[in-house]
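Below: the structure, in structure tokens.
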Amino acid sequence: MKRKPAARVIRRVRVFHLTTGEWEEDTDIALDSQGWIAAVGPGYEGEEVISGEGLIAVPGFVDAHMHLESSLMTPRQYERMVTAHGVTTAVCDPHELANVAGEAAFAYYLQAAQALKMSLVVRLASCVPATTLETSGAAVEAPCLKRWRERDPGLGLGEFMNVPGVLFQDPEVLAKLEGDPFVDGHCPMVSGEALNAYLSVGVRNDHECSSLPEAREKLRRGIQVLIREGSAARNLEALLPLMTLENSYQLAFCTDDRNPLDMEEGEHLDAMVRRAIQAGVSPLVAYRVASDSAARGMGLTDRGLVAPGRRGDILLLSDLEECRIQRVLVGGVPREELDLAEEGATFPSEEPFLHSVRCRPMTPEDFPLLPRDGRLHPVMGMADGSLLTERLSLPVDAPDVLPVAVVERHGKNGNVGRGLVRGFGLRAGALASSVGHDGHNLCVVGTSPQAMSQAVNALRESQGGFAVVDADGSCLLLPLPVAGLMSQEEGPVLANRLRKLHQAARELGCSLRDPFLQLAFLPLAVIPHLKLTDRGLVDVDAFRLLSPEEC
């Protein structure tokens, strides 16, 4: 009512309204002392004034589904990187850390969410382990989820990957779903009657659509399609035709898994908005999908618009179509003041998640090569930018067929699953990762047993990370000592180290954009068609382990 000055005022800015697509010229945005938008209109005074002259105001972006561990950073470092790309809200599914450390992951992320200035919306990891076909570090069962929901009824359930468990009415699966207010989905290539059944348990969205027909069917069934553009899986280009005004409120953007190198090089939600507009999508649809529709779909009705009563998550742009971000306000606080705003906040310790790699030292004998006898073997056919793998039938000496293994690292049984993969292009050496979705066992691909054992042992010594062993036996390493998933280093430092690892992999013949993420998804036995866990090769379509005779 202009009876007193606001805490902050953004003065003389153009507001692009996502409700109507209209512009409000030369106006002010008044923010209260708690960081909420109090008013939009001309003539407001403020204790602090931010010039918006020549700039455009749009709401902060909402990453509708992500795993913070895939950024390789701790939450505070993550906030510093993603807010630069306009992300002020991220919906975090902690099932990576939970698969290593159990429900301690929930407490860790909820405490971090309280300390951060950006909004980290934490879901409860629903599938720990993701399947019974692998060994994980922990299990989170229905009674545990119920306790957390009773403690905080607003907590939703993270992506429910166990589609077969739903379809076959597994009692434990149904117990996890009972009474949950919000269930995120995960149902790649699920269609027809199976899709009807899966959605009937209350699933609200899906981020696994890789083709237009699949996405259109899911839209018709009433769920929100989250268009994913991560570091490994990239679906934006295939799904751009969905981005119409009619569909816009049933769509959202997400990254799912995004590494710090891609972030540093400009790849995040801001780049998705830019690319969509360049492809012919209207700015209204692109910005709505990035913020308002994502917020609505996630049940976050207090954000997503530049309007009174909403969070002061505001992006100031110099160019709408190019999505050129000049300034970011996070909860009413300029991004450059985040550290000051968070001074005194209690961030959680990573100490409980150290020393989690407990496998024995490996030898070359643990990775025997199959004989070149002309026999056909099941081979995982991998494609850059896709999490799907073909089930091929090839001889050992076929071009670009390499041995791959998954080593149980939680100290439970010492399993080593072995298989073959095509698509890495390595001519020498080996690559290894302690990120191995979702049980996070050690994954290694290589050209010789010696290089493979050396790479795995390097990860054992560093307590996790990524490793490249070259033709001469030299090893380049990016340590990830926090649960074998994250580092406490700053994002730009991690980005630079990851850049060097990618270059080392390219020098060995690997042309994949992110070879470590591609390697990390080979054990994920909930994405078709052929995968490898510490227990062996998995026929995902039949949801069973292949017998030794079939391998």
Side-chain angles (χ1 to χ4, degrees), residues 4-11 29-38 45-52 57 59-63 66 68-69 71-92 94 97 104-122 152 154 260 263-264 268 300 302-303 306 309-316 325-354 481-483 485-495:
K4 64 178 183 178
R8 281 191 176 95
V9 166
I10 304 171
R11 179 160 292 160
I29 304 169
L31 296 150
D32 70 15
S33 60
Q34 300 302 309
W36 295 82
I37 299 173
E45 297 297 326
E47 295 171 7
E48 179 184 335
V49 175
I50 297 171
S51 175
F61 297 148
V62 178
D63 191 341
M66 50 73 70
L68 195 147
E69 302 93 329
S71 75
L72 313 182
M73 293 177 277
T74 57
R76 197 168 193 182
Q77 299 299 338
Y78 171 83
E79 178 188 53
R80 289 172 179 170
M81 285 205 84
V82 300
T83 51
H85 294 283
V87 176
T88 54
T89 296
V91 180
C92 170
L97 186 57
F106 303 164
Y108 174 79
Y109 280 114
L110 288 166
Q111 185 180 346
Q114 290 293 317
L116 294 171
K117 198 65 184 175
M118 77 172 289
S119 181
L120 190 69
V121 180
V122 181
D152 185 348
M263 292 186 205
E264 189 183 57
H268 216 282
L300 306 172
D302 59 353
R303 66 201 72 188
V306 178
R310 309 293 175 125
R311 271 179 58 100
D313 296 336
I314 301 169
L315 312 183
L316 299 180
I325 301 172
Q326 299 301 310
R327 203 161 187 189
V328 179
L329 276 75
V330 185
V333 177
R335 176 179 174 271
E336 59 271 21
E337 299 176 17
L338 284 184
D339 283 348
L340 184 62
E342 292 167 356
E343 195 171 291
T346 304
F347 282 87
S349 170
E350 286 82 37
E351 183 68 28
F353 308 116
L354 303 178
V482 181
L485 302 173
M486 296 179 285
S487 168
Q488 294 167 310
E489 291 187 302
E490 294 183 356
V493 174
L494 287 171

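Quick caveat: nothing in here was measured; it's all calculated off a predicted structure. Index from 1, following the sequence.
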| message | Quick check: do Ile314 and Ile37 have side-chain heavy atoms less than 4.5 Å from each other? | response | yes
| Does atom CD of Glu48 have more than 12 heavy-atom neighbours, drawn from other residues, nucleotides or ligands, at distances under 6.0 Å? | yes
| query | Is the number of heavy atoms from other residues, nucleotides or ligands under 6.0 Å of Gln114 CD greater than 12? | reply | no
| field | From Glu489 atom CD to Thr74 atom OG1, the distance as rounded to the nearest 0.5 Å | value | 10.5 Å
| query | For Val9 and Glu45, what are the C-alpha separation, side-chain angles and deciding distance, and is it a side-chain contact (heavy atoms from CB on, under 4.5 Å)? | reply | CA-CA 7 Å; Val9 166; Glu45 297 297 326; 5.8 Å; no
| query | Has the side chain of His85 got a donor or acceptor atom that lies under 3.5 Å from a matching backbone atom of Met263? | reply | yes
| query | Got a salt bridge between Glu490 and Arg76, using NZ or NE/NH1/NH2 to carboxylate O under 4.0 Å? | reply | no
| Quick one: are Met81 and Ser71 in side-chain contact, heavy atoms under 4.5 Å? | no
| task | Answer yes or no: is there a side-chain heavy-atom contact under 4.5 Å between His268 and Asp63? | result | yes
| What pair of heavy atoms forms the shortest contact from Ala105 to Pro94, and how long is it? | CB-O, 4.1 Å
| task | To the nearest 0.5 angstrom, please state how far the CG atom of Leu68 sits from the CD atom of Gln77. | result | 11.0 Å
| task | Kindly give the heavy-atom pair with the smallest separation between Thr83 and Arg80, and that separation in Å. | result | OG1-O, 3.6 Å
| field | Under 3.5 Å side-chain donor-acceptor pair for Ser119 and Arg311 | value | no
| Test item: Tyr78 and Met486 side chains (from C-beta on) under 4.5 Å apart, heavy atoms | no
| field | Partner set under salt bridge (Lys or Arg N to Asp or Glu O under 4.0 Å) for Glu336, not counting sequence neighbours | value | Arg327
| note | Scanning both residues in full, the closest heavy-atom pair of Ala57 with Leu316 reads CB-CD2, 4.0 Å
| said: Looking at Lys117 and Glu342, is there a salt bridge between them, counting it only when a charged N and a carboxylate O are closer than 4.0 Å? | reply: no
| message | Tell me the closest heavy-atom pair linking Gly331 and Asp313, and the distance in Å. | response | N-OD1, 2.7 Å
| request: Examine distances only and state if a side-chain atom of Arg11 and a backbone atom of Val49 form a donor-acceptor pair shorter than 3.5 Å. | output: no
| Roughly how far, to the nearest 0.5 Å, is the CG atom of Leu485 from the CE atom of Met73? | 13.5 Å
| Heavy-atom pair with the smallest gap, counting every atom of Tyr109 and Pro75 | CE2-CG, 4.1 Å
| message | When you compare the side chain of Leu97 with that of Phe106, does any pair of heavy atoms fall below 4.5 Å? | response | no
| request: Write down the atom of Leu120, the atom of Cys92, and the distance for their closest heavy-atom approach. | output: CD1-CB, 3.8 Å
| Do the rings of Tyr108 and Phe353 sit parallel, tilted or perpendicular, given the 30° and 60° boundaries? | perpendicular
| message | With rounding to the nearest 0.5 angstrom, report the CG to CG distance, Leu31 to Leu329. | response | 6.5 Å
| message | Just so I know, are the side chains of Leu354 and Val482 near enough to count as touching, which here means a heavy-atom distance under 4.5 Å? | response | yes
| query | Is the shortest heavy-atom distance from the side chain of Asp302 to the side chain of Trp36 under 4.5 Å? | reply | yes
| note | Output for pair (Arg303 CZ, Thr89 OG1), nearest 0.5 Å, gives 4.0 Å
| note | In this structure, OG1 of Thr88 is separated from CD of Glu79 (nearest 0.5 Å) by 10.5 Å
| message | Do Pro492 and Glu264 have side chains that approach each other closer than 4.5 Å (heavy atoms only, starting at C-beta)? | response | yes
